Amino acid sequence: MPPSAPERLTRKTTSLAELLARRVHDTPDREAYRYPVGDQWRSMTWRQSGERVRAVAAGLLSLGLDREARVGILCNTRVEWLLADMGVLSAGGATTTVYPSSTAEECGYILADSETRYAFIEDDKQLA
């Protein structure tokens, strides 16, 4: 049974990753996100989002992500951005955000200066 509203306000968490895990546990089949796909809208439950976040985190850890290592996200606003960010945090990494409108030089500077080791890139254009 999910905790009451007052209990949710007083429960302590140590991280966003823990908060997400609690939400997935408490309300796995409730809608977490609604996002556009073409001309239609799709929904994702907390369970589905938790599975995707865990997959991202496991992938980063399998690549050798160290605690607090930087992971860049160069992507327009979309549900995958959020899932990647939560995956980075769940794996113990730190997200470096790069605006999609940044120039190639700005992207290079931000990623190099932050010592980013891994990056999520939305498409070939942004990769170039």
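Predicted, not measured: the structure shown is a model, and the values here were computed from it.
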side-chain hydrogen bond (donor to acceptor under 3.5 Å, both in side chains) partners for [X], two or more places apart:
| X | answer |
| --- | --- |
| Thr14 | Glu18 |
| Arg23 | Thr27 |
| Arg67 | none |
| Arg30 | none |

Where at least one partner belongs to residues 11-47, residue pairs that pass ring-ring contact (aromatic ring centres under 6.0 Å, His included), sequence neighbours excluded: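 Applying ring-ring contact (aromatic ring centres under 6.0 Å, His included) to every pair that reaches into residues 11-47, excluding sequence neighbours, yields Tyr33-Trp46.
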Taking ring-ring contact (aromatic ring centres under 6.0 Å, His included) as the cut-off, I'd like each qualifying pair that reaches into residues 50-70, sequence neighbours left out, listed once.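 Residue pairs passing ring-ring contact (aromatic ring centres under 6.0 Å, His included), neighbours aside: none found.
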Tell me, please, which residues at least two apart from [X] pass salt bridge (Lys or Arg N to Asp or Glu O under 4.0 Å).
| X | result |
| --- | --- |
| Asp123 | none |
| Glu31 | Arg34 |
| Arg117 | Asp66 |

Strictly by salt bridge (charged side-chain N to carboxylate O under 4.0 Å, His left out), give each pair with a member in residues 96-111 just once, sequence neighbours left out.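 Every candidate salt bridge (charged side-chain N to carboxylate O under 4.0 Å, His left out) pair involving residues 96-111 fails, so no pair, neighbours aside, qualifies.
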Residue pairs passing the salt bridge (charged side-chain N to carboxylate O under 4.0 Å, His left out) test where at least one lies in residues 72-101, sequence neighbours excluded: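 Sorted result for residues 72-101: Arg78-Glu80, Arg78-Glu122.
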Of all heavy-atom pairs between Leu74 and Gln126, which one has the smallest distance, and what is that distance?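 Closest heavy-atom pair between Leu74 and Gln126: O-OE1, 3.1 Å.
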Please report the closest heavy-atom contact between Val24 and Gly50, naming both atoms and the distance.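 Looking at all heavy atoms of both residues, the shortest contact is CG2-CA, 3.9 Å.
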CD1 of Ile110 to OG of Ser102: how many Å apart, nearest 0.5 Å?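 Going from CD1 on Ile110 over to OG on Ser102, the span is 4.5 Å.
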Members other than Tyr118 in its cluster, when Ile, Leu, Val, Met, Phe, Trp, Tyr link by side-chain heavy atoms under 4.5 Å?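 Tyr118 shares its hydrophobic cluster with Val56, Leu60, Leu63, Leu65, Val71, Ile73, Trp81, Val88, Phe120.
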Taking Ser90 for the side chain and Gly87 for the main chain, is one N or O donor matched with an acceptor at less than 3.5 Å?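 No: the side chain of Ser90 does not pair with the backbone of Gly87.
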